[in-house]
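The structure's right below; bear with me while I get my questions together.
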Amino acid sequence: MPAPTTAIQPTRHEDFPEWYQQVIAAADLAENSEVRGCMVIKPWGFGLWERMQQTLDRMFKQTGHENAYFPLFIPLSYLEKEAAHVEGFAKECAVVTHHRLEAGPDGKLMPAGELTEPLVVRPTSETIIGAAYARWVQSYRDLPILINQWANVVRWEMRPRLFLRTAEFLWQEGHTAHETAAEAREETERMLAVYERFAREFLALPVLTGEKSESERFPGADRTLCIEAMVQDRKAVQAGTSHDLGQNFAKAAGIKFLGRDNQEAFAYTTSWGVSTRLIGTLVMAHSDDDGLVLPPRIAPAQVVILPVTPKEDTRTAVLEACDRLAAELESREFAGERIRVRIDKRDRQGGAKTWEWIKKGVPIRVEIGPRDLASGTVLTARRDLAPKEKTSYAATEFAEKVPSILAEMQENLYQRALAFREAHTRKIDTREEFYAFFTPARPDKPEIHGGFAWTHWCGDPAVEEQIKADLKVTIRCLPFEHDGPGTCPFTGKPSPQRVFWAKSY
RNA sequence: CGGAGCGUAGCACAGCUUGGUAGUGCGCCUGGUUUGGGACCAGGAGGUCGCAGGUUCAAAUCCUGUCGCUCCGACCA
């Protein structure tokens, strides 16, 4: 079989959705399971999630939050308490109705022992956490409550996609309760800023920050803030959300307290979350036609050392040199953390191992063989350069340089993603240009097209609805930063600000 | 829930039109030769052809039903 020109086929340009799935398979991140919509997250994929968890968890603690854990099952009646919330989630709930299995007449197991009240597998935990907070809060002195939980949730999605939309997914959900509306608002904005910083500094992802329009708002929220990323097919991914729930859930759950004025009042609550969808976003944003590309700060391993052991008599010496280099690197820091190193000692063909690590997206590869032992050098390669492009360093010099190489790669990835987004973001002021921007040249097999349109909008939901029906384009957010009022090109009415429109996942 | 396609070895697929011993490539195992640009040679293991019924001397192949998956829609903080 002739060696393919790229490790991943098809390429991004040939078939983006298929490329995405191939990258996940080639990088060994995850696979579909026997249960539709559910995925098995493999060690390399889970390693990414662990890195995200560790980092975000630290940031949550720094902003005053603690972790706790609430039940997987929610009494059906809880979900009914908030009207908009039911409507938003009712169509995608897994429901538990029985608690036992019995052998039927044909010997097959049948559900038995019907529950008096069906239980919903949490699609999100506002209601059950709200019920707990209602028990915990009596006085303004009990506030604020600042809690986060790391959990799995289930939403029975019609069309799942690995990481981006799965029936079960892992996430964190922060739930806070406050004395005043202003505090809740501040909390919502503070956590969105945490997400923005995490995306930028760790995932090398530039994200838009802003507010959702009413039609895209979280069911039951007064205000939904979001970060939105652009990925390489120019679509938008909602990468994180932060909701100001006002008093809606407090009233539904009965979170009330006696205030400083000796009056009973309802608390103001917020919720905010990011999920394993971030992994899908990361893949779609940075990877190339040779597989995954990982920003160093989130990579489970930042350097992989590949021993080259062609001859038995030098094998031990080579492996020892690899151990020494690993120890040397691990004693150094990049971005405030010890450098993460792996040595791949598996009994496999060298070229095959190299390509495996390219596909897994490890930032730096190092080969050490007998020739290096003789000359005191190492042969290195970077994931952001061509696979064959290799640089030889003196071993000691290399170890010193690794932190700056990683820093440079991290920055390059961010700048590349930012340049990509800017190249595909357009200020549009006419309906014609807007429609042309989002219409592919080949409707039968649409090429990668469009991007973010920065366009005025009068605020009428009917306009959103029409555009969604015509083009499958929605408002991604009303950005915090904008250039002031103007005219809506769809209605001719005044518009308070430009908003971002895009096709989305 | 509608439209299209697909279910054959761990993976990717051929074989089906015209019924007749279950195939190919990759991967896996063993031995040898190799190894800094995805190795090569030889031998080997691995299958209730999604499931159920029907036609037939004989079904992966034809017929009926059924289940599942993928893609496109509908749906989706």
Side-chain angles (χ1 to χ4, degrees), chain A residues 1-7 9 15 17-18 21-22 25-26 31-37 84-85 87-93 123-124 126 153 155-162 164-167 169 171 173 211-221 223-228 237-243 245 271-275 277 290-291 306-312 314-315 318 347-359 365-375 377-381 386-390 392 443-446 468-469 472 474 476-477 504-505:
Chain A
M1 192 177 72
T5 49
T6 56
Q9 289 182 320
D15 185 345
E18 181 60 24
Q21 301 197 61
Q22 292 298 330
E31 61 190 24
N32 277 311
S33 79
E34 40 281 273
V35 180
R36 181 186 154 76
H85 197 61
E87 201 187 326
F89 287 107
K91 280 176 282 184
E92 50 187 47
C93 284
T124 179
E126 274 75 7
V153 287
R155 297 179 189 181
W156 217 261
E157 300 288 356
M158 292 303 200
R159 262 187 71 192
R161 237 175 207 288
L162 278 175
L164 287 178
R165 187 178 296 109
T166 48
F169 57 93
W171 77 346
E173 47 181 328
E211 183 177 347
K212 284 292 185 193
S213 67
E214 189 184 347
S215 63
E216 298 273 328
R217 194 178 286 160
F218 177 76
R223 194 163 175 252
T224 288
L225 310 183
C226 64
I227 55 171
E228 293 277 333
V237 182
Q238 179 175 306
T241 48
S242 183
H243 313 291
L245 304 173
S271 68
W272 28 274
V274 297
S275 71
R277 169 177 261 205
D290 284 328
L306 299 156
V308 182
T309 54
K311 296 190 181 66
E312 255 333 290
T314 52
R315 174 185 295 270
V318 166
D347 175 24
R348 293 216 175 174
Q349 191 73 11
K353 284 203 281 194
T354 297
W355 278 99
E356 233 180 80
W357 292 108
I358 290 172
K359 288 185 281 194
R365 305 185 299 280
V366 183
E367 295 175 16
I368 298 182
R371 276 184 245 153
D372 298 294
L373 291 192
S375 58
T377 58
V378 294
L379 197 58
T380 70
K388 350 175 178 179
E389 200 171 326
K390 295 179 183 177
S392 186
D444 47 315
K445 196 180 184 304
K468 188 176 180 181
K472 287 179 240 161
T474 51
R476 301 323 304 159
C477 71
S504 79
Y505 278 100

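Chain A is the first sequence line, chain B the second, and so forth, proteins listed ahead of strands; every chain is numbered from 1. It should be emphasised that the depicted structure is a prediction, and the values quoted were computed from it without experimental measurement.
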Under 4.0 angstrom, heavy atoms only, what part of the nucleic acid is A:G350 near: base, sugar-phosphate, or nothing?
nothing
Interatomic distance where CD belongs to A:E312 and C1' belongs to B:U34 [whole Å]
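Atom-to-atom, A:E312 to B:U34, this comes out as 13 Å.
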Measure the distance from CD on A:E216 to C1' on B:C75 and round it to the nearest whole Å.
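Going from A:E216 (CD) to B:C75 (C1'), I get 13 Å.
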Distance between the P atoms of B:C67 and B:G23, in whole angstroms?
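Taking atom P in both B:C67 and B:G23, they lie 33 Å apart.
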Base, sugar-phosphate, or nothing for A:K472, non-hydrogen atoms under 4.0 angstrom?
sugar-phosphate
Would you measure the distance from the P atom in B:G68 across to the matching atom in B:G25 and give it in whole Å?
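About 35 Å, rounded to a whole number of Å.
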Touch check for A:P370, heavy atoms < 4.0 angstrom, all strands: base, sugar-phosphate only, or nothing?
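Base contact.
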For A:D290, is there any backbone N or O sitting under 3.5 Å from a side-chain donor or acceptor partner on A:K359?
no
At under 4.0 Å between heavy atoms, what does A:P310 touch on the DNA or RNA strands: base, sugar-phosphate, or nothing?
base
A:E31: partners by salt bridge (charged side-chain N to carboxylate O under 4.0 Å, His left out), with sequence neighbours left out:
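Residues passing salt bridge (charged side-chain N to carboxylate O under 4.0 Å, His left out) with A:E31: A:K42.
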Between B:C76 (P) and A:R217 (CZ): distance, integer Å
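Spelled out: CZ on A:R217 to P on B:C76 is 17 Å.
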I'd like to check the salt bridge (charged side-chain N to carboxylate O under 4.0 Å, His left out) partners of A:R371; sequence neighbours left out, ordered by chain and number.
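With neighbours one apart ignored, the set is empty.
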Residues at least two apart in sequence or cross-chain that pass side-chain contact (heavy atoms from CB on, under 4.5 Å) with A:L379, listed by chain then number, are A:E367, A:K390, A:S392
Considering only atom P, compute the distance from B:G47 to B:A9 and round it to an integer number of Å.
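Comparing P positions in B:G47 and B:A9 gives a spacing of 10 Å.
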So which one's nearest nucleotide on RNA chain B is more toward 5', A:K468 or A:R348?
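Final value for this comparison: A:R348.
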Can you list the residues that meet the salt bridge (charged side-chain N to carboxylate O under 4.0 Å, His left out) rule with A:E173, with sequence neighbours excluded?
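Checked A:E173 against salt bridge (charged side-chain N to carboxylate O under 4.0 Å, His left out); zero matches.
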Interatomic distance at P, B:U48 relative to B:U66, whole Å
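The answer is 26 Å between these two P atoms.
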I want to check one thing: is the phosphate of B:U35, taken as OP1 and OP2, less than 4.0 Å away from some side-chain N or O of A:Q349?
no
Which nucleotides of RNA chain B pair, in dot-bracket form (Watson-Crick or G-U under 3.5 Å, | meaning another strand)
((((((((.[[[[.)....(..]]]].((((((.....)))))).....[[[[[..)....]]]]])))))))....
Atom-to-atom span, NZ of A:K91 to C1' of B:C75 - whole angstrom
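It works out to 7 Å between those atoms.
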Take A:V378 and A:Q238, find for each the nucleotide of RNA chain B with the closest heavy atom, and name the residue whose nucleotide sits nearer the 5' end.
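The residue mapped nearer the 5' terminus is A:V378.
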Under 3.5 Å, N/O pairs linking protein and nucleotides 67-70 of chain B:
| residue | atom | partner | partner atom | Å |
| --- | --- | --- | --- | --- |
| B:U70 | OP2 | A:R36 | NH1 | 2.8 |

Partners of A:S213 by side-chain contact (heavy atoms from CB on, under 4.5 Å), sequence neighbours excluded?
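Here the qualifying residues are A:S215, A:E216, A:W457, A:E464, A:I475, A:L478.
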Return yes if some donor-acceptor pair links the side-chain N/O of A:H243 with the main-chain N/O of A:T224 below 3.5 Å, else return no.
no
Between B:G73 atom P and A:E157 atom CD, what is the distance in whole Å?
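The answer, rounded to whole Å, is 16 Å.
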A:W272 near the nucleic acid: base, sugar-phosphate alone, or nothing, with a heavy-atom cut-off under 4.0 Å?
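No contact.
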Name all residues meeting the side-chain hydrogen bond (donor to acceptor under 3.5 Å, both in side chains) criterion together with A:K472; count only those two or more places apart in sequence or in a different chain, and write none if there are none.
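Not a single residue meets the side-chain hydrogen bond (donor to acceptor under 3.5 Å, both in side chains) criterion with A:K472.
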Would you find more than 12 non-hydrogen atoms of other residues, nucleotides or ligands less than 6.0 Å from A:E87 atom CD?
no
Would you say the side chain of A:Q9 lies within less than 4.5 Å of the side chain of A:Q22, judging by non-hydrogen atoms?
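A side-chain contact under 4.5 Å is absent here.
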Would you mind classifying the nucleic acid contact of A:E356 as base, sugar-phosphate or nothing, using non-hydrogen atoms under 4.0 angstrom?
nothing
Please give, in whole Å, the distance from B:C26 C1' to A:Q22 CD?
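Taking CD of A:Q22 and C1' of B:C26, I get 14 Å after rounding.
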With C1' as the reference atom in both, quote the distance from B:C6 to B:C11 in angstrom, rounded to an integer.
16 Å
So, the side chain of A:T166 versus the backbone of A:L162: is there a donor-acceptor pair under 3.5 Å, distance only?
no
Pairing residues for A:S275 by the side-chain contact (heavy atoms from CB on, under 4.5 Å) criterion, not counting sequence neighbours
A:F169, A:W171, A:R277
Need one value for A:K390: base, sugar-phosphate or nothing, where a base atom within 4.0 Å counts as base even if backbone is also close, heavy atoms only.
sugar-phosphate
How close or far is atom P of B:G36 from atom CH2 of A:W355, stated in whole angstroms?
14 Å
Partners meeting salt bridge (charged side-chain N to carboxylate O under 4.0 Å, His left out) with A:E356 (sequence neighbours left out):
A:R346, A:R348
Could you pull out the protein-nucleic contacts involving nucleotides 6-13 of chain B (nitrogen or oxygen on both sides, under 3.5 Å)?
none

For A:S375, all residues meeting side-chain hydrogen bond (donor to acceptor under 3.5 Å, both in side chains), sequence neighbours excluded:
A:T377
Using the P atom as the reference point in each nucleotide, state the distance between B:G54 and B:A58 in Å, no decimals.
12 Å
Between B:C28 and B:C71, how far is it from one P atom to the other, in whole Å?
28 Å
With rounding to whole Å, what would you report as the distance between B:C41 and B:C49 at their P atoms?
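The answer is 32 Å between these two P atoms.
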Specify the separation, in whole Å, of atom CG of A:D290 and atom P of B:G37.
15 Å
